[in-house]
Number of protein chains: 2
Amino acid sequence: MPLSTTEENYLKAIFSISTGGESRATNQLIAEKLGVNPASVTDMLRKLDEKRLIDYNRADGAKLTKEGFKQAVKTVRKHRLWETFLVSKMNFTWDEVHEVAEQLEHIQSDKLTDELDKFLGHPKFDPHGDPIPDASGKLPVVKSKPLPEADIARKLKVVSVTDNSTAFLKYLDKQGIGLNDSLVIKEIVDFDKSLLVELKGKKEVFLSKEAAGKILVD
Amino acid sequence: MPLSTTEENYLKAIFSISTGGESRATNQLIAEKLGVNPASVTDMLRKLDEKRLIDYNRADGAKLTKEGFKQAVKTVRKHRLWETFLVSKMNFTWDEVHEVAEQLEHIQSDKLTDELDKFLGHPKFDPHGDPIPDASGKLPVVKSKPLPEADIARKLKVVSVTDNSTAFLKYLDKQGIGLNDSLVIKEIVDFDKSLLVELKGKKEVFLSKEAAGKILVD
DNA sequence: AAAACAAATTAGGCTAGTCTAAATTATTTT
DNA sequence: AAAATAATTTAGACTAGCCTAATTTGTTTT
Ligand SMILES: [Mn+2]
Ligand SMILES: [Mn+2]
Ligand SMILES: [Mn+2]
Ligand SMILES: [Mn+2]
């Protein structure tokens, strides 16, 4: 009756695709996110549909049911709490936590989840700026937009990053960009849309359009 | 290349049978400990033998190789560190930790294990009095014997318990017996070998032969 | 509307880990 | 030493989750 690790990973993938701007969680997007073959996804989506955790059909893709949504949010909550734990108590850096949190998120113990939350002081955001659902599943609403869509010359704050890969996070470290840092767009280079950005009123750096698109600011 | 959760559980079972007084880790004992069918055990022992984690034959049962021993100890270390974490940081009681630790012990991250150890202050014993192997795999040696084999009228100390089930631990709680408590055997009742024990110089309780046998003292 | 392309599904197969029932091997008891 | 009993292994089967290759369905392009 409890969900398997694999089922939890599928629900989480559907959740993140659906809340990440895409209009439909398609077979292909899910396959890509989980690194499995589309044929495997067909099997699992059918199974989750039978279990009433999603509604699935070719036209609309996969949509979480109430119960499926609840389960997905629960896993996301655990993932983000564990990431916070790893950084604030275990001396991990923000680029080291993802892999381990992928394992820890599947530990089944409501008591542990709630005690962990308490132990950490009921954090609202994880080390990547992602909101942490509370015990009832409520998510803090965050106002933010990708850096390339923000106003020029206005003082902005780094709210979160949408790519948690070690490669990207290490790159940000090297550029000197961290969560909650303030920055100002000085200029958008015409031919490649790269950004010239002033950091914390100090140094200036260039960011490619791709890199900047993964930084959310407000 | 890393071991599966199942493989780790088999190695741990063999370890605990071998170091728990039994002369041979037999198919049957392993099956019993893991709650699986002996036919399944045959399959897995053959697989572990092929992977050179154990030496197995009918006559001698399963014996951990150097590598198998190393892996088993590593899992035991994680299990006991997580149990300690749950009790000392997450407000779990000693009868609540086992099940969750069974899951946590399979998390793969040497960095996490070592940081956890540091965070807890390099504990030497878990909440059940079991010794925690250090990072190199070394186990503190503990001198102890089952309560029924100890001297009468001598001041003894509860060192550990060999049954981690909720039922047994709750029973000890109710009797008022905890780790490191001092006690004295006042009398061994002849016909059923039950023990009359004085706790912390205060109250006296009767313990059945079975219950007393699961309490190790020094 | 036909052809071409893309997305999803079907068909068949694989591995890990489990099971039951039957057969074999080893150990006791008579 | 034979018979009875206990422990282990074999044989065959099942589920979860994955794969490749082939086919079907749906969407664009011409
Ligand atoms: Mn995961
Ligand atoms: Mn995160
Ligand atoms: Mn386990
Ligand atoms: Mn323990």
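Every chain is numbered from 1 and lettered A, B, ... according to where its sequence line falls, protein lines coming before strand lines.
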Return each pair, listed once, that meets ring-ring contact (aromatic ring centres under 6.0 Å, His included) where at least one residue sits in residues 41-62 of chain A; pairs must be two or more places apart or across chains.
none
For D:dG17, does either OP1 or OP2 sit under 4.0 Å from a side-chain N or O belonging to A:S4?
yes
For residues 164-172 of chain B, run the donor-acceptor check on the side chains, cut-off 3.5 Å, and write out each pair with its distance to 0.1 Å, sequence neighbours left out.
| unit_1 | atom_1 | unit_2 | atom_2 | d |
| --- | --- | --- | --- | --- |
| B:S165 | OG | B:D163 | OD1 | 2.9 |
| B:S165 | OG | B:F168 | N | 3.2 |
| B:T166 | OG1 | B:D95 | O | 2.9 |

All side-chain hydrogen bond (donor to acceptor under 3.5 Å, both in side chains) counterparts of A:K51, not counting sequence neighbours
A:E7
With sequence neighbours excluded, residues passing ring pair (Phe, Tyr, Trp, His ring centres under 6.0 Å) with B:F125
none
Along DNA chain C, 5' to 3', what are the outermost nucleotides having an atom less than 4.0 Å from a heavy atom of chain B?
C:dA16 to C:dA26
Show which side-chain atoms of residues 139-146 of chain A pair as donor or acceptor with protein atoms under 3.5 Å away, not counting sequence neighbours.
none

Using a cut-off of strictly less than 4.0 Å between a heavy atom of the residue and any atom of DNA chain D, enumerate the qualifying residues of residues 42-49 of chain B by number.
B:T42, B:R46
How does protein reach along nucleotides 20-27 of chain D, written 5' to 3' as B (base within reach of a heavy atom under 4.0 Å), S (only sugar-phosphate), or - (no contact)?
B----BS-
Partners of A:E67 by salt bridge (charged side-chain N to carboxylate O under 4.0 Å, His left out), sequence neighbours excluded?
A:K70
Listed by chain and number, what are the salt bridge (charged side-chain N to carboxylate O under 4.0 Å, His left out) partners of A:E149, not counting sequence neighbours?
none
Provide, to the nearest angstrom, the distance between the CG atom belonging to A:N9 and the P atom belonging to D:dA16.
17 Å
Closest approach of A:Q71 and A:L11, non-hydrogen atoms and distance?
CB-CD1, 3.9 Å
For residues 62-82 of chain A, the ring-ring contact (aromatic ring centres under 6.0 Å, His included) pairs (sequence neighbours left out) are A:F15-A:F69, A:H79-A:H98, A:W82-A:F85
Salt bridge (charged side-chain N to carboxylate O under 4.0 Å, His left out) involving A:D151 - partner list, sequence neighbours excluded:
A:R154
